K.L.:
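My questions will all concern the structure given below.
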Amino acid sequence: MEPLPLMTVQQHILEEQRRHHPDASGEFSWLLSGITLASKIIADQVRRAGLVDVLGSVGQVNVQGETQQKLDVLANQALRLCLGRRGNVGIMASEENAEPIVVPRDRQHGKYVVIFDPLDGSSNIDVNVSVGTIFSILRRAPDPEGKRDPLVDVLQAGVKQVAAGYVVYGSSTMLVYTAGNGVASFTLDPAIGAFIISNPRMTMPAKGNIYSVNAANSDSFPEPYQQFLAKLRSGEAGRTYSSRYIGSLVADFHRTLIKGGIFLYPPTRHYPQGKLRLLYEANPIAFLAEQAGGIASDGRGRIMEIPPTSLHQRCPLLVGSRTEMKLLMEMLASA
Ligand code: AHM
Ligand code: MG
């Protein structure tokens, strides 16, 4: 009998490591299994929303001034618990915590920093719309004295990411991941509780026919963005475009990755620096986009080259297929 072509995410990572880093210790796949374990816990809670008391807010605001949903808190706890016990994560940082989280036991020798948005798009949970977990993994130098400011390890440019990905809790639970050798996707098989490979090499089409933006903000976008969107709508860009906007970055980007086109959150009157966060939203999405053959920019340059200055800093995010991104970049440059 032929063996089943069953490739789990752990097997895939180990094989990739063997191919690209033959002397790797396997520690990295152990770290990743902390993220997949947490995401299974989160997926389980998201699936039960409506059955158990996890919907709604906890009545407090996070560091962004946003209302924390109960599931935001649960998701954050799951990631902190699962990653804090791996033994190789020295520092974590989360959208839900004002400051970096030091893992006391591994502060000196933990080789990795993990930055995450535990449950992005959480305002969509109450209406049963897809949400996601986004993560970015960086290396850190040993800190034998255990005295270095943890922010120094966290504030690294996106080009320093060793891996990044997201889990989308949609009609199925899917993990999309890169360690710098392309993008692979895995679907959680609920029957066996494992992430099984769906696509070992995801690529973003070179052009698409969807643009994704919160159109209610468009009057306050800088002029060139308005002109760009008008061009897509008028057919002047050479094809007819549709618009799709879920308001859940992971879901909006997942569609953009598969179907091509463009997602944009430009500067607005309310968010002059853009709304999305550089370290745990824009950087991991940019790494995935570039690895899949797309482009990610803040309107001035590559997202991954922005020098971070604070943990929760925001930036404009323009990401998508090469064709639409190049047109937008040209229009921004010549404005
Ligand atoms: P969150 O991290 O508080 O959930 O906010 C981020 C979300 C993204 O998922 C999404 O792209 C964006 O906010 C939508 O914002 P808006 O409602 O302003 O269009
Ligand atoms: Mg978020």
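Just so it is clear, the model here is predicted, and its values are computed rather than measured. Quick note: residue numbers are just sequence positions, from 1. Both counts, for ligands and for their atoms, begin at 1 and track the order of listing.
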K.L.:
Is it the side chain, the backbone, both or neither of N214 that has a heavy atom closer than 4.0 Å to ligand 1?
P.N.:
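Near ligand 1, N214 shows its side chain, while the N, CA, C and O stay back.
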K.L.:
Roughly how far, to the nearest 0.5 Å, is the CG atom of L151 from the OG1 atom of T309?
P.N.:
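Between T309 OG1 and L151 CG, I get 10.5 Å after rounding to 0.5 Å.
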K.L.:
Would you compute the distance between atom CZ of R85 and atom CG of L83 and round it to the nearest 0.5 angstrom?
P.N.:
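Between R85 CZ and L83 CG, I get 11.5 Å after rounding to 0.5 Å.
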K.L.:
So does N199 have more than 12 non-hydrogen atoms from other groups sitting under 6.0 Å from CG?
P.N.:
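Above 12, so yes.
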K.L.:
Flag G121 as yes when one of its N or O atoms lies below 3.5 Å from any N or O atom of ligand 1, and as no otherwise.
P.N.:
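The answer is yes, given that G121 and ligand 1 share an N or O pair closer than 3.5 Å.
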K.L.:
Before accepting this row, confirm whether a basic side-chain N of the pair D153/R148 lies closer than 4.0 Å to the acidic partner's carboxylate O.
P.N.:
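Here D153 pairs with R148 in a salt bridge, since their nearest N and O are under 4.0 Å apart.
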K.L.:
Salt-bridge test for R277 and E95: reply yes if a basic N is under 4.0 Å from a carboxylate O, no otherwise.
P.N.:
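Between E95 and R277 there is a salt bridge, with a charged N closer than 4.0 Å to a carboxylate O.
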K.L.:
Just the protein N/O/S atoms under 2.8 Å from the Mg ion (ligand 2), please, no waters.
P.N.:
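Protein N, O or S atoms closer than 2.8 Å to the Mg ion (ligand 2): E95 OE1, D117 OD2, D120 OD1, E281 OE2.
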K.L.:
Report yes if some heavy atom in the side chain of F186 is under 4.5 Å from a heavy atom in the side chain of I196; otherwise report no.
P.N.:
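Not in contact.
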K.L.:
Does any N/O atom on N217 come nearer than 3.5 Å to any N/O atom on ligand 1?
P.N.:
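It does not: no N or O of N217 is found under 3.5 Å from an N or O of ligand 1.
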K.L.:
To the nearest 0.5 angstrom, please state how far the CZ atom of R322 sits from the CD1 atom of I262.
P.N.:
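Those atoms lie 13.0 Å apart.
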K.L.:
Tell me whether K40 is salt-bridged to D44, with the criterion being a basic N under 4.0 Å from an acidic carboxylate O.
P.N.:
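Here K40 does not pair with D44 in a salt bridge, since their nearest N and O are not under 4.0 Å apart.
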K.L.:
Mark up the atoms of ligand 1 that fall under 4.0 Å of a heavy atom belonging to S248, in ascending order.
P.N.:
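The atoms of ligand 1 under 4.0 Å from a heavy atom of S248 are 9 (O).
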K.L.:
Is there a heavy atom of D252 sitting under 4.0 angstrom from any atom of ligand 1?
P.N.:
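No.
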K.L.:
Report, in ascending order of atom number, the atoms of ligand 1 lying under 4.0 Å from any heavy atom of G247.
P.N.:
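Those of ligand 1 that fall under 4.0 Å from G247 are 9 (O), 10 (C), 14 (C).
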K.L.:
Please determine whether any non-hydrogen atom of Y245 lies less than 4.0 Å from an atom of ligand 1.
P.N.:
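Distance cut 4.0 Å: Y245 passes for ligand 1.
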K.L.:
Taking only heavy atoms of S122 into account, list the atoms of ligand 1 that are under 4.0 Å away from them.
P.N.:
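Counting from 1, the qualifying ligand atoms are 4 (O).
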K.L.:
So which atom in P150 and which in R107 form the shortest heavy-atom distance, rounded to 0.1 Å?
P.N.:
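P150 and R107 have their closest heavy atoms at CD-NH2, 3.9 Å.
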K.L.:
Could you tell me whether E290 and R302 have a side-chain N and a carboxylate O separated by less than 4.0 Å?
P.N.:
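Yes, this pair counts.
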K.L.:
Just which atoms of ligand 1 are under 4.0 Å from any heavy atom in E281?
P.N.:
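Those atoms are 2 (O), 6 (C).
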K.L.:
Thinking salt bridges, do E16 and R19 make one under a 4.0 Å N-O criterion?
P.N.:
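A salt bridge links E16 with R19.
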K.L.:
Any nitrogen or oxygen of Y265, side chain or backbone, less than 3.5 Å from one on ligand 1?
P.N.:
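Right, the criterion is met.
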K.L.:
Could you work out, for atom 5 (O) of ligand 1, the closest of R277, E95, H270, E96 by heavy-atom distance?
P.N.:
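Nearest option to atom 5 (O) of ligand 1, by heavy atoms: R277.
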K.L.:
Ignoring angles and geometry beyond distance, decide whether F263 reaches within less than 3.5 Å of ligand 1 through its nitrogen or oxygen atoms.
P.N.:
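It does not: no N or O of F263 is found under 3.5 Å from an N or O of ligand 1.
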K.L.:
Any atoms of ligand 1 less than 4.0 Å from a non-hydrogen atom of L249? List them with their elements.
P.N.:
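Here the atoms of ligand 1 in question are 8 (C), 9 (O), 10 (C), 11 (O).
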K.L.:
As a quick check of understanding, evaluate side chain to side chain contact (heavy atoms under 4.5 Å, CB included) for I137 and F28, giving each step before the final call.
P.N.:
CA-CA 10 Å; I137 304 175; F28 188 67; 4.0 Å; yes
K.L.:
Consider only side-chain N and O atoms of S198 and T187, and report whether a donor and an acceptor are under 3.5 Å apart.
P.N.:
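Yes.
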K.L.:
Provide the number and element of each atom of ligand 1 under 4.0 Å from a heavy atom of D117.
P.N.:
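Atoms satisfying the 4.0 Å criterion: 2 (O).
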